[in-house]
Amino acid sequence: MEEIEFNFGSNWTLLPEGVKEFAEGVQERNKWNVKVWFGLDYALVNFRCRKSDKGPVMAAAQAALDKIVHREVANGWSSGNKITNNRKHYQSSQKCKEAALLVFSPPEILRASFRAVWFLPEGLAGEIRLGYLVPDEAAAKLGQLTSCILRANPDGRAFLIGANSPKDAEKAKHKLDALAEHAAHSPQPDLCRASFIYAEEEQDMKATLQYLKHGPQSHLKIIFLDRTEHDLAPGRSAYAHIFGKGVVVRLWDSDAGKLLDYPKEMVPVITSERKDEPFRAFQATWTYNKKEFLHDLDLDVQSPVGSSQDSMLESWMTDLPKLDQMLPHGIKGPEESQQHEAQDQTHPDVQPSLVMGSYDPSQPRRLVPAPIHENDSQNPRVYPEGMLLSHRSTMNQQARKKKKKTIANSVSNSSNNNSNNNTGGNVSRNSNLRNNAAHQARLPIAAATTRPVSKPAMDPVLVYRISHKLMKMLAGLSMFTGDLTLKVNFGRIFLTRIDDDLAWRQGQKPRVPVMSIEQLKDNLDKYHAGQGETSFTKILTQKGADANFISMMENESGRIWQGSQRRTVYEIICRKTAKDGTWFLFVIEVDGNDFSHRLRCYSYQECSLFVHCPKRTWDFEVALSISPDLDELYGAFAKDLVDHMCVVPQSSGVPKLELNVKKAYEVETMVARTVNVASYERRQAPSGARPNPNPDPSLLEIREVRDMTPLKVTATKNRVKITIAQNSGAEQLGQLPMWYEVSMQSKIINKALEQNKELEIGEKVDWIPEQLLDALAFDGLVRSAAEMVKKIDGVGYYGDNKQEIVADVPQEGPDGPEGSLW
């Protein structure tokens, strides 16, 4: 039934006692499902009801107001406490505002021993909605921490607080003040995708673009796509699009007037005799622990699914979600954000939100939990909707500058009002950290503040720019609660939306423009930072011998990496579908040793920094990943799934999995994978050896990913049982059963970001991005990645995706003078 929202105006303004009587009068005659609240903007009573009930509701409201006004006028309204003709009465009286708002408090607030109101600072009220500052999930957690009940007023301007004591209410207010202060003062994060071009000693050369299919042919066969991110079905395979339209950065020899002969044809890093060797970290001696499921009565009687079994098996392989069906993750409409409904633990809300709002991923993936926001042509930045750290993204820069002082003053005044209250502790720890040397000395990054002189092999200006971009990406996350990860992924970068006449082809006349590397970088940032403009694939190889080479690689000081940890993780991708057909994907990661588990968003990549390496086979990206705490929403489902999960080791290697999915949760299991992870730490130079030219505390991670497929699906009244084994792959579709991914992280950055996982709402972490910059943490990570990408040129040589180039690209471009590339 369609609903309508309207406010009820009059020449008279109701005072708090008048509002109370008016509410009682409307409720006496309320035969409809109507919601009533007091709005602060114009001191008016607001209604939401079914559209067909608007007339009767307005009549009831008119009758209640007429009764009050006629009586008060007859008795001398100026001496009463029900009405006034001062339209600005509530602008000057905070106490009156609180009293009027509390009249329409929900029952759980009215039953509380103490009631209070927290107001959104005036300077922020015009920029963000309250639901973005503190989403429902965060408000529930904040209530638990402070022993309060928090409900947002439907106008999005205030929180109604029910508490056991004034002390608890003030504690809640203090935390809300801290969040508001952060919103007013925190810098804007630079979450726009950025491209950089690492040409090594050729950094001063010109550059252009070339179709992938017209480059070295040995580079085509080693490209493999992940079936969860790309459609590999015959007739619509993503390989055709990437091979036909994929464009890469190439260097231009101005003296010779031709493309530079890079990257070279591939040369294997391992001999053909050794190419089939297994990855030594997980060869025959590696064992998988057995796990039995928790016995439950609803598992006793199982029967085949019957005729639907084939469709369920087919769904596992082919029925992967489409981007336009995805939930706008955590983004709620004006009406949704104003309502709070009790969540049933068995049927959790499908829209998790960050403590400071929500986010949109910036990678165009097939299983992505949110639509991508295109760049604004005037301000090409990709900001996540609803995220407190970027809530001002819809405003232009000039408007932000004008409001900055007003916002700061407003928040400061709000904070000062509660400065003498006992709030149960300082929730803004080390807020003056940047200027406090004592605090800096005890941070985990302090030990890394002295480093050798930077290696000249990588352009220091390039390192400087990448490092500052990473610093800006992390800005504004000091109050985020959840998982933050910054890592380097190695793979291939493809530009997939380039006009046909803007890239080089075989036999083409030299009419496509070339430009400096810096100019090309600027154009990529300006025109190719949006949805679907750039693709990145992380599959490096299918050969364990290549993984051995990477783990054992050397530089002038000897072996670079030393084994640190090995573990097995079972990744289960799940889907929760909402009533409107939209859905959200999340991953349950199950530890293969003790079978503990954690939850994360499936594709939680927030921002990528792409580093094109035109002299090399592979490129790399530096990806910032953000995942909110999903335990509130899906923790019960995840625990039940893991408790009833069975792991059956097999003599052939990878174990079978049995998933017993409880139907009541209405969550589907989409994909399962067994992932063996080998971690390595950077070695220090041995005694007597030359000093390590790059002693940064980097971490290397090699992931051996084994795709799984269902063998059998059976069902009971309450559960669906899925038996899963390793997928044999689909060679002719370019779909691998097993592959290797390689990434790098910084121990310094990881230790800082670890604080965010256990951060309490309203608190701040000890680190700031500038400290990581000063500690050369970004510098070290980038230099280590540049060193690595030079050494893995021949990795993947023996791969063959068996995909023909089915998309035809014209061999000859149109005639015409050389002009701008865009």
Side-chain angles (χ1 to χ4, degrees), residues 1-3 50-51 131-132 135-137 227-231 233 236 238 305 308-354 357-361 363-374 384-386 531-532 572-588 599-604 627-628 630 632-634 636-638 641 659 661-672 710 713 715 719-720 722:
M1 184 67 67
E2 184 180 358
E3 288 190 337
R50 291 180 299 185
K51 189 174 183 179
Y132 281 7
D136 288 345
E137 295 84 2
R227 71 180 179 94
T228 64
E229 300 178 1
H230 301 276
D231 192 343
R236 59 176 190 269
V305 172
S308 65
Q309 180 173 351
D310 290 341
S311 63
M312 294 179 71
L313 291 172
E314 182 181 359
S315 168
W316 184 284
M317 298 297 296
T318 62
D319 186 22
L320 296 178
K322 298 178 181 178
L323 183 64
D324 57 4
Q325 294 175 328
M326 295 301 288
L327 277 174
H329 183 170
I331 303 174
K332 302 180 180 181
E335 296 182 1
E336 289 176 297
S337 65
Q338 294 164 358
Q339 300 178 9
H340 180 90
E341 297 177 358
Q343 295 177 1
D344 178 15
Q345 195 174 26
T346 304
H347 298 85
D349 188 338
V350 76
Q351 298 189 70
S353 297
L354 301 180
S358 57
Y359 68 93
D360 293 324
Q363 277 288 78
R365 300 190 175 188
R366 202 169 159 243
L367 291 180
V368 178
I372 313 296
H373 292 266
E374 296 286 356
E385 281 291 334
Q531 176 186 3
I572 305 166
I573 303 176
C574 304
R575 176 171 72 178
K576 174 66 178 179
T577 304
K579 293 180 180 179
D580 62 359
T582 56
W583 38 262
F584 170 70
L585 289 166
F586 61 96
V587 180
I588 303 174
L599 285 163
R600 64 172 175 83
C601 301
Y602 168 74
S603 183
Y604 57 175
S627 184
L630 301 180
E632 290 272 334
L633 299 176
Y634 306 115
F637 166 76
L641 185 71
L659 303 180
V661 184
K662 193 170 184 178
K663 296 178 181 178
Y665 288 101
E666 298 181 343
V667 176
E668 303 167 86
T669 53
M670 301 295 294
V671 178
V713 179
R719 291 183 181 270
V720 175
I722 309 170

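Along the sequence shown, residues are numbered consecutively beginning with 1. Computation of the quantities below employed the complete heavy-atom set of this structure, encompassing side-chain atoms and omitting hydrogens, waters and symmetry-equivalent molecules.
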Practice task
May I ask you to test the K576-L633 pair for a side-chain heavy-atom distance under 4.5 Å?
Solution key: no
Problem - Where C574 and F637 come nearest, the two heavy atoms and their spacing - result: SG-CE2, 3.9 Å
Handout entry: Side chain proximity check, L599 to V587, heavy atoms < 4.5 angstrom
Key = no
Handout entry: Donor-acceptor contact below 3.5 Å, side chain R236 vs main chain A238
Key = no
Handout entry: Considering all heavy atoms, the nearest Y602-I573 contact
Key = CE1-CD1, 3.2 Å
Exercise for the section: Compare every heavy atom of A636 with every heavy atom of Y665, then report the nearest pair and how far apart it is. Expected result: OH-O, 3.5 Å
Exercise for the section: If the plane angle is over 60° it's perpendicular, under 30° parallel, otherwise tilted; pick one for F586 and Y634. Expected result: parallel
Exercise for the section: Flag the pair V713 / V720 as yes when at least one side-chain heavy-atom distance between them is below 4.5 Å, and no otherwise. Expected result: yes
Exercise for the section: Of all the heavy-atom pairs spanning S627 and C601, show the shortest one and how long it is. Expected result: OG-N, 3.1 Å
Handout entry: Heavy-atom pair with the smallest gap, counting every atom of M670 and L585
Key = CG-CD2, 4.2 Å
Fill in the blank from the handout: Closest heavy-atom pair, P710 versus I722, reported as atoms and distance to 0.1 Å, is CB-CG2, 3.8 Å
